[in-house]
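Here is the structure we will look at.
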Amino acid sequence: MSSKSSLSRLNKAGLIVLALVSVVDVLTPVLTDGEHPPMEIAVGAAVVGLLSLVLIGIAWRGKRWPLAPLITLRLASALLAVPAFFASGVPAPAVAAAGVGVAATIFGVVAVLLPARVPAEQGSEFVQGGVR
């Protein structure tokens with residue numbers, strides 16, 4: 001299998017969504033009140049966001065290898081938002097932002113993982129209805 005492939009529209013949409021969530025992560029230290037999320041978490045999120053943006057840039061050029069670390073980073077970031085749903089005293093806008101971030105991450109990861117559809121004439125020897 002080649003380490004370089006073309007991206008479908010859905011794959012590109014997934015990378016764009018993951019890039020937007022990553023930009024929000026990078027901005028988290030300036031958006032936080034220092035308590036929701038704590039500054040340590042905000043700085044960690046910024047590092048994860050920055051690393052994600054680098055991996056997205058490489059993946060956008062058609063490389064496949066950055067996808068595994070990218071998905072791992074984005075899912076870890078989404079998991080860090082989960083305590084906002086259960087901790088007491090978290091402001092409603094922070095809970096809503098966490099929910100949007102988790103949902104966007106799930107969409108982005110699924111969109112990036114879905115295989116690109118290859119037209120039958122360019123694809124394998126199998127076409128709908130049997131062997132070519």
Side-chain angles (χ1 to χ4, degrees):
M1 181 173 162
S2 173
S3 65
K4 186 171 181 162
S5 64
S6 62
L7 297 169
S8 69
R9 283 185 184 172
L10 188 59
N11 297 147
K12 288 180 180 181
L15 287 175
I16 290 168
V17 168
L18 293 178
L20 292 172
V21 176
S22 298
V23 167
V24 171
D25 275 358
V26 169
L27 296 174
T28 302
V30 296
L31 299 175
T32 184
D33 61 2
E35 202 172 320
H36 302 101
M39 190 54 76
E40 297 83 10
I41 300 294
V43 170
V47 170
V48 168
L50 187 59
L51 290 171
S52 296
L53 289 171
V54 170
L55 292 169
I56 290 166
I58 297 168
W60 190 267
R61 292 181 183 92
K63 299 284 187 182
R64 303 279 307 162
W65 70 262
L67 296 180
L70 172 63
I71 290 167
T72 302
L73 285 172
R74 296 315 323 150
L75 291 176
S77 178
L79 286 174
L80 287 174
V82 170
F85 303 116
F86 304 107
S88 60
V90 178
V95 174
V100 169
V102 169
T105 297
I106 292 169
F107 169 81
V109 166
V110 169
V112 165
L113 286 176
L114 289 175
R117 294 189 183 260
V118 179
E121 60 272 0
Q122 295 177 4
S124 68
E125 294 301 312
F126 295 96
V127 285
Q128 190 173 9
V131 178
R132 195 189 302 181

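FYI, the numbering just counts along the sequence from 1.
Here CG of L53 is found 13.0 Å from CH2 of W60. Values are rounded to the nearest 0.5 Å. Expressed to the nearest 0.5 Å, how far CG of L73 lies from CG of L50 amounts to 10.5 Å. Taken from OG in S77 to CG in L18, the straight-line distance is 10.0 Å, to the nearest 0.5 Å. Residue I56 holds its CD1 atom at 4.0 Å from OG of S22, rounded to the nearest 0.5 Å.
Between T28 and D25, the closest side-chain pair of non-hydrogen atoms falls below 4.5 Å. In this structure, L70 and W65 have side chains that are not in contact, with every pair of non-hydrogen atoms separated by 4.5 Å or more. V24 places none of its side-chain heavy atoms less than 4.5 Å from the side chain of L20.
Taking all atoms of both residues into account, the shortest heavy-atom contact from R74 to T105 is O-CG2, 3.5 Å. For the residue pair A111 and L10, the shortest heavy atom distance occurs at CB-O, 3.4 Å. In this structure, V17 and A104 approach most closely via the heavy-atom pair CG1-O, 3.3 Å.
The backbone N or O of V48 sits less than 3.5 Å from a side-chain atom of S52, completing a donor-acceptor pair. No donor-acceptor pair under 3.5 Å is formed between the side chain of N11 and the backbone N or O of L113.
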